[in-house]
Protein chains: 2
Amino acid sequence: MAARLQRSLELPGPTPAADRFAAALSDIGARFRQLCAPVQVRRFVDAHRAWLFGVGWQVANRASGGLPGLDDYLTMRLHSAGGEPTFAMLEIANGLEVPGPEMDAPAVRALTEMAILVAALDNDRYSFRRESLRLQTDQNVFTVLMSELGCSLEHAVHEATALRDRVMCRFIELRERVCHGASTALRGYLTGLGHGIRGNAEWGQRAPRYLSLGELPDDMTAPEITWADRPATGGPDPRPAPTIGWWWDRLI
Amino acid sequence: MAARLQRSLELPGPTPAADRFAAALSDIGARFRQLCAPVQVRRFVDAHRAWLFGVGWQVANRASGGLPGLDDYLTMRLHSAGGEPTFAMLEIANGLEVPGPEMDAPAVRALTEMAILVAALDNDRYSFRRESLRLQTDQNVFTVLMSELGCSLEHAVHEATALRDRVMCRFIELRERVCHGASTALRGYLTGLGHGIRGNAEWGQRAPRYLSLGELPDDMTAPEITWADRPATGGPDPRPAPTIGWWWDRLI
């Protein structure tokens, strides 16, 4: 079904779609084709496939009952969180056309991934309460860290927050450097990534989907969501996680 | 494993790879990054993910024992055949850099897909004998057509050949029109697609992997591989298969 869905997005023009989801996605694709250039559509299409690829991994983990290690979890979350197609819409929504050599440069790729991961970790946090209530906490950064470090939920929350904040700090630092000499379109895109992080955090605290729907079991405490003026310290050094460690390399 | 492999390709620079396959793919990625621009690397990376996505579908079909319909089969084959990453290497091997607006235009996307499908259908043909011997003929264009049309293998071979030839003819016709006004890089790429079709057909008849390894069961006849001076006629009109029907639309 996922592959058929993806194809309905790839096909230009209206196609006799097999089901309502494919029809809706085909319609979105058609609108994008009217609104923007083929390069922007192709970026969205590829991002959408990467998302489905990540979700497939997530579903497979769930089916096998296995909890991934931190490095695998972060790799999976970069794709399964849906951040890639979301951020691929920045160009479309804002009428930007970031040239390929800029968009595909390692530093910009890293910034996109950082924004996705920060938003994904924030999502892990604000969806934890609801997932706990529905006993769906199979794979999130807290359960993964508890398993990886053999620690309490409280400690895992601290570690996860520190990891998230380290990525956020690196994002801000690298983005500022990349913005020097960037095209107007790229600067607009990078600004949009930041808005995406903030917007996602705001949305997660207001969306009915994530609001508390009851009481947690006695032995569980949902991590509180708070705004902080400065990054949490400590937490796992991201460099040993090869999947994101390269973000701290000299990329520009 | 597929997702971990894919990630080893995405990461710039050498990474401590988890297994030998990831290490080899990471090495290929590093060589490509030295040889060509980030846009060409990104195209290969996306093509590689699309391939794994298609192979995942193929494996899932095999696991469930289901034989897809023709439209689904063609969609799957466009990705599972490995044509996308193969053709993404044309730019890298030839030192071409096709501009995004040209590469992502629907006509060029269609030509790439046509070349992939012709090669994939040729592959179905020259691997049929070996697959028959190993009783692995679960999913190929012949079994799919036999099931779809309720026909004999002989008739399915005729229909598959006619379909393949129709796509080939459309490829030649559309390519000629796209070449007018195309950049040198795009012309080089489109020429490479044609070489890929021919090279694949030659290779399939010589590679030890596909040569006969014994006698077929009495009730099976492998379709003979022959060169033809003109296209086979008849065969299913491709337009009712939405996944490829748009190739015959007015794309330029």
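Residue numbers begin at 1 in each chain, while the letters A, B, ... track the order of the sequences. These numbers come from a predicted model, not from an experiment.
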Report summary line: d(E10(B) CD, T75(A) OG1) to nearest 0.5 Å is 8.5 Å
Query raised in the report: Heavy-atom distance under 4.5 Å to chain B: side chain of A50(A), backbone, both or neither?
Result: both
**Report entry** Atom CH2 of W51(A) with >12 non-hydrogen neighbours under 6.0 angstrom
**Finding:** no
Query - Residue part contacting chain B, namely of A37(A), when any heavy atom lies under 4.5 Å - result: neither
Report summary line: Between A3(A) and F53(B) the two heavy atoms that sit nearest each other are CA-CE2, 3.7 Å
**Report entry** For the student: nearest non-hydrogen atoms of L78(A) and R7(B), plus distance
**Finding:** CD1-NH2, 3.3 Å
Requested in this report: Taking all heavy atoms of P12(A) and all of W246(B), pick out the closest pair and write down the distance.
Outcome: CG-CE3, 3.4 Å
Report summary line: residues 41-49 of chain B vs chain A, non-hydrogen distance cutoff under 4.5 Å, contacting residues -> R42(B), D46(B), R49(B)
Query - Pairwise distance CD(E113(A)) to CG(L11(B)) - rounded to 0.5 angstrom - result: 7.5 Å
Report summary line: So CG of D104(A) and CD of Q40(B): to nearest 0.5 Å the spacing works out to 9.0 Å
Query raised in the report: Rounded to the nearest 0.5 Å, what separation is found between the NE2 atom of H79(A) and the CD atom of Q6(B)?
Result: 7.0 Å
